[in-house]
Amino acid sequence: MMHPLKVFLFFVIASAVTMTLGLGVTLGGSLAQTAFVTVASSAIVGLFALGGGMGITIYSRSLFGLMQTGRVIQWPAFILSTWAGLSAAAWVFNTLLGTALAVSSGLFASLAIFAMAFGWGYLRGEIPWKGRTWMPVKMPNRK
């Protein structure tokens with residue numbers, strides 16, 4: 001259970017850094033409002049990224065009988081899920097607070113968040129690199 005929690009935190013921190021630096025995302029409002037939106041929307045992005053990324057990879061493994069999805073499926077799943085999280089957070093906070101969070105480049109912001117989150121995960125050994133493949137690997141036939 002610690003692995004998903006740590007990966008969630010990587011995405012939350014990466015989202016907060018991305019929003020603070022304005023990498024494809026612009027925050028508006030007062031300092032208190034900006035701080036609240038950064039923390040809350042980072043949590044939303046983290047939930048979407050982790051839930052969607054893991055969900056898509058698990059579903060892909062099951063659907064296609066894979067032992068490993070490979071990075072070619074895993075990485076886009078997390079990037080697109082991060083983008084969905086950014087869109088959801090922008091919708092929530094723009095509906096509630098007006099123009100508190102604007103996503104000017106969802107793809108760029110998602111790539112930045114993903115790169116930071118997975119980079120930190122790889123460096124800390126939380127997300128394995130060794131023994132993983134780029135391409136999907138079929139499950140060996142069971143008898």
Side-chain angles (χ1 to χ4, degrees), residues 1-29 33-143:
M1 186 61 183
M2 289 304 292
H3 173 71
L5 178 62
K6 288 179 182 178
V7 175
F8 169 73
L9 290 174
F10 292 148
F11 273 97
V12 169
I13 293 167
S15 298
V17 169
T18 299
M19 290 176 200
T20 302
L21 295 176
L23 302 175
V25 180
T26 306
L27 297 164
Q33 187 180 35
T34 300
F36 170 74
V37 170
T38 301
V39 171
S41 59
S42 293
I44 292 170
V45 171
L47 287 171
F48 269 77
L50 186 63
M54 285 178 59
I56 292 168
T57 55
I58 290 168
Y59 182 73
S60 297
R61 285 177 64 181
S62 171
L63 182 65
F64 300 113
L66 301 174
M67 187 166 61
Q68 287 186 36
T69 57
R71 293 183 190 106
V72 74
I73 293 174
Q74 182 189 37
W75 286 13
F78 276 89
I79 292 166
L80 292 174
S81 297
T82 301
W83 195 346
L86 281 169
S87 299
W91 180 82
V92 166
F93 289 104
N94 289 334
T95 302
L96 295 176
L97 302 173
T99 58
L101 177 66
V103 180
S104 57
S105 178
L107 179 59
F108 180 67
S110 299
L111 287 169
I113 292 167
F114 170 79
M116 279 186 259
F118 263 55
W120 290 332
Y122 287 134
L123 288 174
R124 293 184 47 88
E126 191 60 43
I127 300 172
W129 180 270
K130 195 173 184 181
R132 301 294 193 233
T133 63
W134 281 97
M135 298 306 292
V137 176
K138 290 287 265 181
M139 189 73 78
N141 290 337
R142 297 183 195 172
K143 293 186 179 186

Undergrad: Answer yes or no: is there a donor N or O on one side and an acceptor on the other, between the side chain of S62 and the main chain of Y59, under 3.5 Å?
TA: no
Undergrad: At their closest point, which heavy atom of M116 faces which heavy atom of A14, and how far apart are they?
TA: CB-CB, 3.6 Å
Undergrad: Rounded to the nearest 0.5 Å, what's the gap from CZ on F11 to CH2 on W120? Could you check?
TA: 11.0 Å
Undergrad: Please report the interatomic distance CG(L107) to CG(L86), rounded to the nearest 0.5 Å.
TA: 10.5 Å
Undergrad: Verify the neighbour count for atom CH2 of W129: are there more than 12 heavy atoms of other residues, nucleotides or ligands below 6.0 Å?
TA: yes
Undergrad: As an exercise, state the distance from CD1 of I113 to CE of M19, rounded to the nearest 0.5 Å.
TA: 5.5 Å
Undergrad: Is there a side-chain contact between I73 and L66 (heavy atoms, below 4.5 Å)?
TA: yes
Undergrad: With under 30° as parallel and over 60° as perpendicular, where do the rings of F78 and F114 fit, or are they tilted in between?
TA: tilted
Undergrad: Please name all residues satisfying side chain to side chain contact (heavy atoms under 4.5 Å, CB included) with V72, sequence neighbours left out, ordered by chain then number.
TA: M135, P136
Undergrad: Identify the heavy atoms of S81 and G53 that sit nearest to each other, and give their distance.
TA: OG-N, 3.2 Å
Undergrad: Taking everything shown except F8 itself, do over 12 heavy atoms lie less than 6.0 Å from its CZ?
TA: yes
Undergrad: Could you report the tightest heavy-atom contact between V37 and A100, atom names first, then the distance?
TA: CG2-CB, 3.8 Å
Undergrad: Restricting to pairs with a member in residues 111-127, which pass salt bridge (charged side-chain N to carboxylate O under 4.0 Å, His left out), not counting sequence neighbours?
TA: K6-E126
Undergrad: Determine the minimum heavy-atom distance between I127 and A117, stating which atoms define it.
TA: CD1-O, 4.4 Å
Undergrad: How far does CG of L27 sit from CZ of F36, to the nearest 0.5 angstrom?
TA: 12.5 Å
Undergrad: Looking at every non-hydrogen atom in both residues, tell me the closest pair between A89 and L101 and how far apart they are.
TA: C-CD2, 3.7 Å
Undergrad: Provide the closest heavy-atom pair for F93 versus A40 in the form atom of the first, atom of the second, distance.
TA: CZ-CB, 3.4 Å
Undergrad: For residues 66-79, which residue pairs qualify under side-chain hydrogen bond (donor to acceptor under 3.5 Å, both in side chains), counting only residues two or more places apart or in two chains?
TA: Q68-T133, W75-Y122
Undergrad: Could you grab the distance from atom OG of S15 to atom CZ of F10, nearest 0.5 Å is fine?
TA: 13.0 Å
Undergrad: Distance from F118 atom CZ to I79 atom CD1, nearest 0.5 Å?
TA: 8.5 Å
